[in-house]
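One structure is given below, encoded as structure tokens.
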Amino acid sequence: MAEKPWDGRFSEKTDKSVEAFTSSIAYDRRLYPYDIAGSIAHCRMLAKVGVITDEESVQLVEGLGTIKRELDRGDFTFDDSLEDIHMHIEARLLQVAGKVAQKLHTARSRNDQVALDVRMYLRDETRRTIDLLQTLRAVLVDLAEDHRDVVMPGYTHTQRAQPVLFAHHMMAYYEMFNRDQARFSDCLDRIDVMPLGAAALAGTTYPIDRVYAAQLLDFPRVSTNSMDAVADRDFAMEFLAAASICMVHLSRLSEEFVLWSTSEFGFITLSDAFATGSSIMPQKKNPDIPEIVRGKTGRVFGSLMALLTLMKSLPMAYNRDMQEDKEPLFDAVDTLEACLQINIQMIPRITVNRETLRKAASVGFLNATDMADYLVNQGMPFRKAHACVGSAVAHALNKGKELDQLSLDELKQFSPLIKADIFDHLTLEHMIDRRRSLGGTATENVARAIADARKALADETHA
Ligand code: ARG
């Protein structure tokens, strides 16, 4: 069994059950590229300030490179007795580079080391998430653009309310994912701070150059309080909060895809390649992808709750509890990325059933507000117009007709202000295109929103 780097004061060997209980290697091994990059920068910095010689630094960096290649190849033995990825790499360095390896941990603690690793890992993953959100936004803009003229019922309370463009509905999700992306960018700014050099909690007596190490690792800033540097996990909580909100949006979109693909709605058809069947009912085609995305949302919320609860009563500075930050964080990162990826694949293959959507928008008095607006334009106060159209709706319901299927004479019973031109006001196109208020569903507004989105996406890729 390997000797432990911390067992100088111990007279008994660690119990096997303790090793198994305290070990994090099963999951923190994924931090190895960051741990090695951090150690290489640390060696270079130690050599620069003269704490180790240039030759020692070269030997350490070479050894770390060898270990990186072993880990990349999967040619590395893990062992619970070595607790975590940090100790595994250091122990292996002793075998690969010899005694010089004992100098690597000068002016450093696992507390600032793990904070560095998690920040570097999350910085990469946040950038990947931002890229995925960008692609998802582009996919939604494409879907909107390809269905510019499709009219559908807009809903409130899951009841048909007023007609909207399908593209307007999709661009609403574009806005949500746009904000999500902004949240991740904002969060990235606070992730991108280098904690190395805080050592255990109080800083170090060695003349280290933290800014130099930060440059080597491409961090624009270093942490300014050593205790905060090792105790802070806000950056991870913030990521998980942004991830949770993003999952809310994905889940709402998924819910609509599930509803819309039912025979009851029939608004969309998922491609066969992105649906699954039933093992007992031969006729079934199930929307498992959106269902699973909806289902996975809870895991991400769970990770946020786990981290908030983990941190809420911890005294300063580092506590071993904090080792429990990794599994929820990794799980949320993997889950969010998988959900974004699959939507990016699935959405372009959705068939939008234009006729069904149009028919649905034509039935259920979605033009009642427009009839009231017509009366208001003839001088009637809105509340009165509302009541007047309400009576007309009741009458039409009785007759089993829509408002625009009533005759002019029938309509005139409800108000003498109603003229023959009323019927123009009750068409889907008219209803859509008169909603020109800023942000409304009028065709020209939606076309502008699509163009603006395209421009924003293009500017981001060129930036
Ligand atoms: N595996 C530990 C973690 O993830 C690394 C830091 C250990 N520090 C310590 N003082 N035992 O938090």
Side-chain angles (χ1 to χ4, degrees), residues 2-10 12-39 41-42 64 67 71 76 78-93 104-125 191 193-204 223 225-237 239-240 303 306-334:
E3 269 180 37
K4 299 198 183 340
W6 44 253
D7 67 2
R9 62 154 291 174
F10 288 71
E12 278 185 88
K13 263 195 179 341
T14 319
D15 197 90
K16 276 274 170 224
S17 63
V18 174
E19 288 182 348
F21 186 71
T22 56
S23 165
S24 55
I25 190 60
Y27 49 86
D28 68 13
R29 61 178 70 178
R30 80 153 83 177
L31 294 174
Y32 84 82
Y34 307 106
D35 199 73
I36 290 175
S39 288
H42 185 62
L64 287 162
I67 297 170
L71 281 154
F76 192 95
F78 296 101
D79 173 357
D80 267 353
S81 71
L82 286 171
E83 275 184 44
D84 55 27
I85 190 62
H86 325 295
M87 280 167 51
H88 272 81
I89 291 171
E90 198 182 321
R92 180 71 186 134
L93 191 61
L104 174 67
H105 214 51
T106 316
R108 187 175 74 170
S109 148
R110 271 188 296 158
N111 300 349
D112 55 345
Q113 190 177 354
V114 73
L116 174 72
D117 292 5
V118 176
R119 280 179 184 271
M120 287 176 71
Y121 157 79
L122 201 55
R123 177 170 70 172
D124 273 2
E125 297 300 339
I191 294 173
V193 179
M194 200 211 57
L196 196 65
L201 77 163
T204 175
S223 57
N225 179 300
S226 62
M227 295 179 78
D228 180 45
V230 291
D232 167 34
R233 293 294 181 273
D234 304 6
F235 67 92
M237 294 181 220
F239 176 92
L240 292 173
S303 292
L307 205 62
L308 291 171
T309 313
L310 170 68
M311 296 305 294
K312 81 175 232 313
S313 304
L314 291 185
M316 291 263 275
Y318 177 84
N319 299 270
R320 188 66 179 271
D321 315 41
M322 287 158 74
Q323 177 166 297
E324 291 291 312
D325 62 354
K326 286 169 212 58
E327 280 175 296
L329 183 62
F330 295 166
D331 188 72
V333 164
D334 294 346

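Remember, it's 1-based here, ligands and their atoms both numbered in the order they're listed. Side-chain atoms are counted along with the backbone in the values below, which use heavy atoms only and exclude waters and symmetry mates.
Counting only heavy atoms of the protein, atom 9 (C) of ligand 1 lies nearest to N111 OD1, 3.5 Å. What sits closest to atom 11 (N) of ligand 1 on the protein, heavy atoms only, is R110 NH2, 3.5 Å.
Side-chain contact between S39 and L104: present, with at least one pair of heavy atoms (C-beta onward) separated by less than 4.5 Å.
Looking at ligand 1, you'll find an N or O of Y318 within less than 3.5 Å of one of its N or O atoms. In terms of polar-atom proximity, H86 is not counted as a contact of ligand 1, lacking any N or O under 3.5 Å from an N or O of the ligand.
Using a 4.0 Å cut-off to heavy atoms of S24, the atoms of ligand 1 that qualify are 1 (N). Near D84, with a cut-off below 4.0 Å to any heavy atom, the atoms of ligand 1 are 1 (N), 2 (C), 5 (C). Atom numbering of ligand 1 starts at 1 in the shown order; those under 4.0 Å from a heavy atom of Q323 are 1 (N), 2 (C), 3 (C), 4 (O), 12 (O).
Contacts with ligand 1 closer than 4.0 Å are made by side-chain heavy atoms of K326 only, the backbone lying farther away.
In this structure, the side chain of N319 engages the main chain of A317 through a donor-acceptor pair within 3.5 Å. Of the possible donor and acceptor atoms, one in the side chain of D112 sits under 3.5 Å from a partner among the backbone N and O of G197.
Between the side chains of D35 and H86, at least one donor-acceptor pair of N or O atoms lies under 3.5 Å.
Aromatic ring orientation, H88 versus F78: tilted (interplanar angle from 30° to 60°).
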R320 vs E83, salt bridge (Lys or Arg N to Asp or Glu O under 4.0 Å): CA-CA, chis, key distance, verdict: CA-CA 12 Å; R320 188 66 179 271; E83 275 184 44; 3.3 Å; yes
